[in-house]
Amino acid sequence: MDPLESLAEALERGDADAVGERTQAAIHAGRAPASILNEGLLAGMKVVGEQFRTHQIFLPEVLLAARAMHAGLDLLKPLLVRDNVPMLGRVVIGTIRGDLHDIGKNLVGIMLQGAGFEVIDLGKDVPPERFVDTAIEKEAAVIGMSALLTTTMVGMKEVVEILRARRRQGRIKTIVGGAPVSAEFAREIGADDYAFDAASAVTRVKALLGVA
Ligand code: B1M
C-alpha cells in the first residue's frame with residue numbers, strides 16, 4: 001500500500017499513534033508536506049465524513065479521527081509555516097459561535113502564517129462581538145470566519161452587521177469559509193470574500209489586501 005494511503009487508512013481508524021508514525025515516516029521519506037496533507041490526512045477525513053453522513057460510523061469514531069488528525073497536523077505544521085517571512089498583515093480567525101469544528105480553521109491559520117500573515121486565532125465557538133472587538137483592538141486588516149454547521153452560519157452575518165454598526169466595514173475586511181459556506185452566501189451577508197479551501201484562503205486574503 002502507498003504510504004499516504006496507509007496514512008489515510010490510519011486516520012479513518014482514528015489511530016492517533018499510527019497517524020503520528022506514518023506522518024513522520026512520510027516526512028522522512030521526503031514526501032511533500034502538501035501531499036501528506038492532501039493525499040493522506042485530508043483523504044482519510046473525507047472518508048470519515050462520508051461514513052458519518054451515511055451512519056456507518058458515529059460521533060465517538062469521528063472524535064477519534066479528529067484527534068488523529070491533530071496528531072498528524074502537529075508534525076506537519078512546522079513544515080507548512082515558514083520562519084522569518086515578512087508580515088503581510090494581521091488576520092483574526094476563528095470558528096463561529098456554536099461551532100466546535102476547528103480542523104479546517106486551524107489549517108487556514110497554518111497556511112496564512114506560512115504565507116507571511118500574523119494570525120490571531122480566537123479558537124472555536126467564538127461570539128460575533130469577539131471577532132470585531134479583537135480586530136479593532138489589535139488593528140487587524142482581516143477577519144476570517146469558519147463554519148461547518150449550517151445552523152451556525154448566521155453568526156457570520158452578525159459579525160458583518162457589527163462591523164457596519166461600528167463603521168469598520170470595508171476598513172476591516174471579512175472572509176468566510178467552511179463546508180456549507182458558498183460565494184453566494186458571502187455576497188448575501190455582505191462579507192468581502194469567500195474561500196473554498198485553505199490554499200485559496202491565502203490567495204483571497206492577499207487579493208483583499210492588495211499584497212503579492
Ligand atoms: Co461534525 N459535522 N458534528 N464533528 N463533522 C460535519 C461538519 C457534518 C457535515 C457531518 C455529516 O453529517 N456528514 C455535519 C454537519 C451537517 C451540516 O450542518 N451541514 C456534522 C454534524 C451534524 C456534527 C454534530 C451536530 C453531530 C452531533 O452532535 N450529532 C456535532 C456538532 C458539534 C458542534 O460543532 N457544535 C459534530 C461534532 C463533530 C466532532 C466534534 C466530533 C468533530 C470535530 C472535531 C474538531 O474539529 N476538532 C466533527 C468532525 C470531524 C466532522 C467531519 C467528519 C469532518 C470535518 C473536518 O474536520 N474536515 C464533518 C464531515 C465533513 O466535513 N466531511 C462533520 C476536514 C477539514 C480540513 O475540512 O473543516 O471543511 P473543513 O475545512 C476546509 C474547508 O471547508 C475550508 O478550508 C479547509 C481546509 O481545506 N475552510 C475555510 C474551513 N474554514 C475556512 C475558513 C476560510 C476559508 C476556508 O476563511 C476564513
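Being a predicted model, the structure only gives us computed values, none of them experimental. Atoms within each ligand, like the ligands themselves, are counted from 1 in listed order.
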Return the residue, atom name and 0.1 Å-rounded distance of the protein heavy atom closest to [atom].
atom                    : result
atom 46 (O) of ligand 1 : D102 N, 2.8 Å
atom 44 (C) of ligand 1 : A66 CB, 3.6 Å
atom 10 (C) of ligand 1 : F52 CD2, 3.4 Å
atom 13 (N) of ligand 1 : R53 CB, 3.2 Å
atom 84 (N) of ligand 1 : S146 OG, 2.7 Å

*State, without any angle test, whether Q56 and T54 hold a side-chain donor-acceptor pair at a distance under 3.5 Å.*
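Yes, because at least one side-chain N or O of Q56 sits under 3.5 Å from a partner of the opposite role on T54.
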Under 4.0 Å from [atom], is there at least one protein heavy atom?
atom                    : answer
atom 52 (C) of ligand 1 : no
atom 87 (C) of ligand 1 : yes
atom 59 (C) of ligand 1 : no
atom 8 (C) of ligand 1  : no

Atoms of ligand 1, numbered as shown, that sit under 4.0 Å from any heavy atom of [X]:
X    : answer
L107 : 67 (C), 79 (C)
G144 : 91 (C)
L42  : 67 (C)
L59  : 26 (C), 27 (C), 28 (O), 37 (C), 41 (C)
A195 : 88 (C), 89 (C)
G98  : 33 (C), 34 (O), 35 (N)
A198 : 77 (O), 79 (C), 80 (O)
D99  : 34 (O)

Within the structure, does [X] bring an N/O atom to less than 3.5 angstrom of an N/O atom in ligand 1?
X    : value
K124 : no
H101 : yes
L100 : yes
T150 : yes
H70  : no

Would you say [X] and [Y] make side-chain contact, with heavy atoms under 4.5 Å?
X    : Y    : result
I175 : D192 : no
V160 : Q169 : yes
R22  : E9   : yes
R168 : I136 : yes
D125 : R97  : yes
E158 : I96  : no

With respect to [atom], which of [options] exhibits the smallest heavy-atom separation?
atom                    : options              : answer
atom 39 (C) of ligand 1 : L41, V62, L112       : V62
atom 25 (C) of ligand 1 : V48, L149, I175, L63 : L149
atom 75 (O) of ligand 1 : A186, G178, G104     : G178
atom 85 (C) of ligand 1 : G177, P180, G94      : G177

*Any idea which heavy atoms bring R204 and A195 closest together, and the distance?*
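Answer, listing the atom of R204 first, then A195: CG-CB, 4.0 Å.
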*Out of T95, D121, D99, which residue meets the side-chain hydrogen bond (donor to acceptor under 3.5 Å, both in side chains) rule with K105?*
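Of the listed options, the one satisfying the test is D121.
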*Do the side chains of I162 and M156 join up, straight or via other hydrophobic residues, at under 4.5 Å, putting them in one cluster?*
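Same cluster.
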*Does V62 belong to the same Ile/Leu/Val/Met/Phe/Trp/Tyr cluster as M45, with side-chain heavy atoms less than 4.5 Å apart forming each link?*
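Yes, it is one cluster - the side chains of V62 and M45 are joined through contacts under 4.5 Å.
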*asked:* Run the salt bridge (Lys or Arg N to Asp or Glu O under 4.0 Å) test on E161 and R164 for me, step by step, so that the C-alpha distance in whole Å, both residues' side-chain angles and the decisive distance to 0.1 Å come before the verdict.
replied: CA-CA 5 Å; E161 284 167 353; R164 193 177 297 136; 5.2 Å; no
